[in-house]
Amino acid sequence: MVSIRLTRTGAKKRPFYHIIVTDSRSRRDGRYIERLGFFNPVARGNAESLRVNLERAEYWIGQGAQPSERVTKLLKQWRKTSAAEMGAAPAEPAA
């Protein structure tokens with residue numbers, strides 16, 4: 001099964017996560033199929049804390065990939081943020 005989840009990088013007490021598509025049997029920081037974006041939970045000031053390639057995420061979800069709970073929340077947050085920047089209502093997920 002293919003899943004969409006976070007992989008941790010960064011340094012001690014300075015986590016930085018990549019949002020990846022991977023085989024669910026792979027290790028957390030192991031091989032992945034595609035990188036969809038990033039999440040920086042310790043971003044300060046004007047630093048970007050979240051970026052997601054929503055088109056590719058929806059493509060993978062359409063192909064049957066299962067996002068983790070945290071990634072589901074991040075996708076929802078990204079849809080809300082990008083819709084607010086565009087001045088439109090948030091789009092509903094395709095699947």
Side-chain angles (χ1 to χ4, degrees):
M1 180 171 78
V2 176
S3 64
I4 302 173
R5 65 185 184 201
L6 299 175
T7 183
R8 191 184 192 280
T9 59
K12 184 178 178 183
K13 297 189 179 186
R14 299 227 8 116
F16 187 91
Y17 298 95
H18 290 282
I19 301 169
I20 61 166
V21 178
T22 184
D23 187 316
S24 61
R25 295 172 291 185
S26 295
R27 292 175 291 154
R28 182 192 72 180
D29 299 332
R31 289 189 312 176
Y32 60 90
I33 299 169
E34 184 175 355
R35 188 181 294 172
L36 301 177
F38 65 84
F39 171 56
N40 183 3
V42 293
R44 304 224 189 287
N46 292 332
E48 192 173 14
S49 65
L50 177 64
R51 184 187 306 165
V52 180
N53 185 341
L54 204 52
E55 280 184 26
R56 294 301 295 168
E58 289 176 354
Y59 166 78
W60 281 108
I61 291 170
Q63 294 297 313
Q66 296 291 313
S68 67
E69 287 182 32
R70 185 65 176 147
V71 169
T72 302
K73 288 181 184 177
L74 291 173
L75 291 175
K76 187 175 182 179
Q77 180 183 344
W78 180 252
R79 282 187 188 103
K80 186 183 276 186
T81 303
S82 59
E85 290 175 1
M86 297 284 196
E92 293 297 318

So how far is it from I4 CD1 to I61 CD1, rounded to the nearest 0.5 Å?
4.5 Å
Return the CD1 to CZ distance between I20 and R31, rounded to the nearest 0.5 Å.
11.5 Å
Could you give all pairs that pass the side chain to side chain donor-acceptor pair (under 3.5 Å) test and reach residues 35-47, with sequence neighbours left out?
Y32-R35
In the structure I gave you, are the side-chain heavy atoms of V52 and I19 within less than 4.5 Å of one another anywhere?
yes
Sequence neighbours left out, what passes side-chain hydrogen bond (donor to acceptor under 3.5 Å, both in side chains) with E48? Give chain and number order.
R51
Any ring-ring contact (aromatic ring centres under 6.0 Å, His included) pairs touching residues 37-66, not counting sequence neighbours?
F16-F38
Closest approach of A43 and S49, non-hydrogen atoms and distance?
CB-CB, 3.7 Å
Give me the atom names and distance for the closest heavy-atom approach of L74 to L50.
O-CD2, 3.7 Å
Can any side-chain N or O of T22 pair as donor or acceptor with the backbone N or O of S3 at less than 3.5 Å?
no
Taking only residues at least two apart or on different chains, which pairs with a member in residues 4-19 satisfy side chain to side chain donor-acceptor pair (under 3.5 Å)?
T7-D29
Please list all pairs passing the side chain to side chain donor-acceptor pair (under 3.5 Å) test where one or both residues lie in residues 61-72, with sequence neighbours left out.
none
So L54 and L75, do their side chains get closer than 4.5 Å, heavy atoms only?
yes
Rounded distance [0.5 Å steps], CG in L36 versus CH2 in W78:
12.5 Å
Contacts of type side-chain hydrogen bond (donor to acceptor under 3.5 Å, both in side chains), residue D23, not counting sequence neighbours
R25
